[in-house]
Number of protein chains: 2
Amino acid sequence: MNSSPLSGPVMSGPSSITDVARRAGVSIATVSRSLRGLPNVSPVTRTRVLRAAAELDYVVSPAASRLASRRTGTIGVVVPFARRWFFSQVLGAVAAVLREAGMDLLLYDLADRVGREEFFDRLPLRRRVDGVLVISLGLTSAEAKVLRELGVPAAIVGVRTPWLPCVRIDDVEGSAKAVRHLVNLGHQRIGMLSSGLEDPTRSGTPTDRRTGYRKALREAGLAHDPTLEHLGAWGPDGGAEAMADLLALPDPPTAVFAESDEMAVGAMRTLRRAGLRVPDDVSVVGFDDHEIAGLVDLTTVRQPVAEQGEHAAILLLDAVANGPSEVPSEIVLPTRLIVRSSSTPPRIRTRWPGPAEGLPTPRAHER
Amino acid sequence: MNSSPLSGPVMSGPSSITDVARRAGVSIATVSRSLRGLPNVSPVTRTRVLRAAAELDYVVSPAASRLASRRTGTIGVVVPFARRWFFSQVLGAVAAVLREAGMDLLLYDLADRVGREEFFDRLPLRRRVDGVLVISLGLTSAEAKVLRELGVPAAIVGVRTPWLPCVRIDDVEGSAKAVRHLVNLGHQRIGMLSSGLEDPTRSGTPTDRRTGYRKALREAGLAHDPTLEHLGAWGPDGGAEAMADLLALPDPPTAVFAESDEMAVGAMRTLRRAGLRVPDDVSVVGFDDHEIAGLVDLTTVRQPVAEQGEHAAILLLDAVANGPSEVPSEIVLPTRLIVRSSSTPPRIRTRWPGPAEGLPTPRAHER
DNA sequence: TGCGGTCATGAAAACGCTTGCTGCATTCCT
DNA sequence: AGGAATGCAGCAAGCGTTTTCATGACCGCA
């Protein structure tokens, strides 16, 4: 139906502001003002316009509107890896705030090194957003500079960055909380599973969390034994490997603090496969309160994830609306220790069980 | 610097196509054609234009381009809940394909009932996308109709929907695989943890997976005992509750199949707290191969998650480029049983351990 | 040499809004 | 009552592209 151009002017695509103007008997300028709630329109005119628009099922053309107004009504959200738990949580929260504000959300998932390079190289955001929200991406200063040159307000979640308003947590203090908890339980040998700098997407965080670990040990008057600090790749597998390393020590720790819940869970798997029990043989504490933590009863440090996204989005929207504030704001949200059943006082150890079958060969041996 | 309007015409905002045209000594029409790789431009002219554009650091104005071309270069992606694992995985995959294709990704996270209603009510996608990708959203026919009226191609991941090209898995067959696995291990009493229809975002799936469960039982010549089929809310807590119900039966199952890994993990928690061991006392099999499955050594049915997103995106891009195909395509991707250590042959049961402390009160008692 | 054809280019008309400016009526003061 | 505000609308100039159509230049061929 209506496939022939001969069928007349009936189906002529979506109606434009001109149609509304004609129908309401006013100029298009007045329609524009009415629709956007600007002043200087009499109530009666406005209602007439609104009705006409509704009757025609009119929707403004974003393209035309943007071209004319030089505003995009869009926020670019840059995530290092949309598939990971943390980022998807933040993204969800950001999406909610932006929707509320009537802003479009243009998503950029860097995902891999090439994506990242291409992003900062070509700056695909240019001319298409009013603001940029960066989620937990450790930016090199060059990258930060490029971002600034975009010429629109920006904000960042999770990592302190020069020039950028930032919403984050205190990783040092959070880690210290976790370690203090273990100390208070009576542990003396506390290991740490940490993810070096291998993950460029969280830079800063690993270091901070390690710092918190050392700080808490120091405060407790415990010696910092470097052999108890083990690096692994990011994620469960890294945690599993690092844990295996620790187990291979002559005098393994009675408790470990993992940089992230993911690593903690990996560590728990190693322990399980080694025939060791959590927390009876080894206490484990994680960080983040990833959804998985509750499922495996992991003691952890909760950080407000969605809230960070919300705050950042609000911050950014404000900057977009009112211009960036002179001094970039910084919001630090609180963390909280969540005690579950993966941590308990150390057992008086009578005999350390020998390596059980299934225990991964410690990497140390491979070198 | 350059803050005064008196400082001359130097910093005059981003350069426009006119600037490029002037610099290259051609008309803007030629610039447009050159930049977009259209034919009918001599190689020498094209390079000249390209160089001028590069020198001026020129980027086309999407707004102007869209207005003139009546194309948006944008795909709207609708997810019911960006924060959940499955959706974030698909989203990541879709993002990658769209980026590759140079399409913008406009994200709509429905997240809650109000978001959903508002979405289908106001259709915020109107006039701003060239295509819509719906991720695992069970659409009412009214909603599907609304979508069609958007007038742009659409595709959907995960749930068969009239009129929409669809990429999905065979849930019935997948579930049957899981149950057959348990049957082959020798289990006779196999429970199922299922999430009724409480989650409007996955409609279809729960039913299909239950169907597969029954089908496999029937094929194996096992009686279908309705008391072994228990409903719970979506997610780990639902699984935990449903599992508690099953444990309260006079003759509990020796194995359970959970509709999703999330429910399976919840069930495992219930078992653990009840002092029962997986798989020694009860075998558990999940569905999805959620990242958590590997971490808790859960046997499950893997579905290709990212691949579904990729295929759907490609499908959609094709429809956008070449017009929708007459008969909406349907791609069904294969599932695969992943055997881990949560399933094992049933033990010759000498004595069923009584309810241990920590076992949640079965809901049946509460009613 | 002349003629239909192909090719590269330019002129100009959209595309559908926003917004500064202008022009009237009204209303408000003194 | 006269002039100054004030409120409401319309005019028209953009906003920066894409795309149709027209115009020559050039080519091969008879």
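Chain identifiers are assigned alphabetically (A, B, ...) following the order of the sequence lines, protein sequences preceding nucleic acid strands; residue numbering begins at 1 within each chain.
For Ser27(A), the side-chain hydrogen bond (donor to acceptor under 3.5 Å, both in side chains) test picks out Thr30(A), with sequence neighbours left out. For Phe119(B), the ring-ring contact (aromatic ring centres under 6.0 Å, His included) partners at least two apart in sequence or on another chain are Tyr108(B). A search for side-chain hydrogen bond (donor to acceptor under 3.5 Å, both in side chains) contacts involving Arg71(B) returns nothing, not counting sequence neighbours. Remark: Thr45(A) pairs with Ser42(A) by the side-chain hydrogen bond (donor to acceptor under 3.5 Å, both in side chains) rule, at least two apart or across chains. Under the rule for a side chain to side chain contact (heavy atoms under 4.5 Å, CB included), the partners of Ala53(B) that lie at least two apart in sequence or sit in another chain are Val20(B), Leu35(B), Tyr58(B).
In summary, contact between chain B and DNA chain C, defined as any nucleotide atom under 4.0 Å from a heavy atom of the protein, begins and ends at dA8(C) to dC17(C) in the 5' to 3' direction.
Rounded to an integer number of Å, the gap from CZ of Arg127(A) to P of dG16(D) is 7 Å. Here the P atom of nucleotide dG14(D) and the CG atom of Leu67(B) are 17 Å apart, to the nearest Å. Taking atom CZ of Arg66(B) as the reference point, atom P of dT17(D) lies 13 Å away to the nearest angstrom.
A salt bridge links Lys145(B) to Glu149(B): one of the charged nitrogens lies within less than 4.0 Å of a carboxylate oxygen.
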Pairs under 3.5 angstrom, nitrogen or oxygen only, protein versus nucleotides 22-27 of chain D, please.
none

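For Thr45(A), taking side-chain heavy atoms from C-beta onward, the closest of the listed nucleotides dT19(D), dC15(D), dA9(D) is dA9(D).
Atom CD of Glu100(B) sits in a sparse spot, with 12 or fewer heavy atoms from other residues, nucleotides or ligands closer than 6.0 Å.
A heavy-atom distance below 4.0 Å to DNA chain C is reached by these residues of residues 27-42 of chain B, ordered by number: Ser27(B), Ala29(B), Thr30(B), Arg33(B), Asn40(B), Val41(B), Ser42(B). The stretch residues 52-64 of chain B has no heavy atom under 4.0 Å from DNA chain C, so no residue of it qualifies as close.
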Distance-only criterion, 3.5 Å: show the donor-acceptor pairs between side-chain atoms of residues 87-95 of chain B and protein atoms not counting sequence neighbours.
residue	atom	partner	partner atom	Å
Ser88(B)	OG	Trp85(B)	O	2.9
Gln89(B)	NE2	Arg83(A)	O	2.9

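For the helix from dT1(C)-dA30(D) to dT30(C)-dA1(D), the angle separating the two terminal helix axes comes to 30°, with each axis derived from five pairs and the value rounded to 10°.
Summarising the geometry, atom CG belonging to Leu147(A) is positioned 8.0 Å from atom CD1 belonging to Ile156(A); distances are rounded to the nearest 0.5 Å. In this structure, CD in Glu310(B) is found 11.0 Å from CG in Leu98(B), a value given to the nearest 0.5 Å. Taken from OG in Ser69(B) to CZ in Arg36(B), the straight-line distance is 7.5 Å, to the nearest 0.5 Å.
Nucleotides of DNA chain C nearest to Arg46(B) and Arg70(B) differ in position, and the one nearer the 5' end is that of Arg46(B).
At least one donor-acceptor pair under 3.5 Å links the side chain of Thr47(B) to the backbone N or O of Pro43(B).
The list of salt bridge (charged side-chain N to carboxylate O under 4.0 Å, His left out) pairs with a residue in residues 52-67 of chain B, not counting sequence neighbours, reads Arg126(A)-Asp57(B), Arg23(B)-Glu55(B), Arg51(B)-Glu55(B), Arg66(B)-Asp104(B).
When only modelled atom types and interatomic distance are considered, Thr18(A) and Arg22(A) share no side-chain donor-acceptor pair under 3.5 Å.
In this structure, Leu164(B) and Pro328(B) approach most closely via the heavy-atom pair C-CB, 3.9 Å.
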